[in-house]
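The next block holds one structure in the form of structure tokens; read it before the comments.
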Amino acid sequence: MGYDVEKTDAEWREQLSPEEYAVLRQAGTERAGVGRLTDTETTGVYRCKACQAKLFESDTKFHSGCGWPSFYQPISDTIEYVEDTSYGMKRVEVRCAGCGSHLGHVFPDGYGTPTGDRYCINSVSMTLEPADGSGPVAG
């Protein structure tokens, strides 16, 4: 698939920290409970760390207790869905539709959300743009 933002592997490595690269470009997962954006309740917009595409609004974020930021709905057309059968599981991987970076997975496990979905997203894969204009917060 062609993306709006395409870079060489070397360019991604130069732009991203080793941890960000491992998650965003190699479909890794950060450890649960370590991300700066997991428990924040700041109002704003969550963007892709790699290309700054808007992904989620803060009013769709909820506390699932899973150790990663959880959302019940992305901003329209910002997410790409890919079947993931790694590690003997059947899951749906979510990627940024703007650059193809791995964000996390979506699970249809309810949690009492309006959509019944839980987008379990790596904190390191996003930045938060606070509505008060105070400047971006990296995950």
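This chain uses plain numbering: 1 for the first residue, then up along the sequence.
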| field | Single-linkage hydrophobic cluster V34~V23, side-chain heavy atoms < 4.5 angstrom | value |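 Not linked; separate clusters.
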| said: Using only atom types and a distance under 3.5 Å, with no angle test, would you say the side chain of K61 pairs donor to acceptor with the backbone of T38? | reply: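 Pair found, side chain donor or acceptor close to backbone of T38.
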If you look at every heavy atom in [X] and [Y], which pair is closest and at what distance?
| X | Y | answer |
| --- | --- | --- |
| E93 | A27 | OE2-CB, 4.2 Å |
| C96 | C51 | SG-SG, 3.6 Å |
| D84 | S86 | OD1-OG, 2.6 Å |
| Y3 | E80 | OH-OE1, 2.7 Å |
| R25 | L16 | CG-CD1, 3.9 Å |
| Y119 | Y72 | CE1-O, 3.7 Å |

How far does [atom1] of [X] sit from [atom2] of [Y], to the nearest 0.5 angstrom?
| X | Y | atom1 | atom2 | value |
| --- | --- | --- | --- | --- |
| Q15 | E20 | CD | CD | 8.5 Å |
| L55 | I75 | CG | CD1 | 7.0 Å |
| E19 | L24 | CD | CG | 9.5 Å |
| D117 | S70 | CG | OG | 11.5 Å |
| L37 | S58 | CG | OG | 11.5 Å |
| T29 | H102 | OG1 | NE2 | 5.0 Å |

Close side-chain approach of [X] to [Y], heavy-atom, < 4.5 Å:
| X | Y | value |
| --- | --- | --- |
| M126 | K49 | no |
| E41 | H63 | yes |
| I121 | W68 | no |
| L128 | T40 | yes |
| Q52 | T127 | yes |
| E57 | V45 | yes |

| Between R95 and S101, a side-chain donor and acceptor under 3.5 Å |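 Their side chains do not contain a donor-acceptor pair, so the 3.5 Å distance test is not met.
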| query | For I79 and F56, what are the C-alpha separation, side-chain angles and deciding distance, and is it a side-chain contact (heavy atoms from CB on, under 4.5 Å)? | reply | CA-CA 10 Å; I79 301 292; F56 300 95; 4.2 Å; yes
| query | Considering residues, nucleotides and ligands other than Q26, do more than 12 of their heavy atoms fall under 6.0 Å from its CD? | reply |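 Yes.
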| request: Please say whether more than 12 non-hydrogen atoms of neighbouring residues, nucleotides or ligands are located less than 6.0 Å from CG in D77. | output: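 Check fails, neighbour count at 12 or below.
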| request: Take T113 and Q73, measure what side-chain contact (heavy atoms from CB on, under 4.5 Å) needs, and give me the verdict at the end. | output: CA-CA 9 Å; T113 67; Q73 179 178 311; over 6 Å; no
| message | As a test of understanding, state which of F62, F107, Y46 forms a ring pair (Phe, Tyr, Trp, His ring centres under 6.0 Å) with F71. | response |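 The passing option is Y46.
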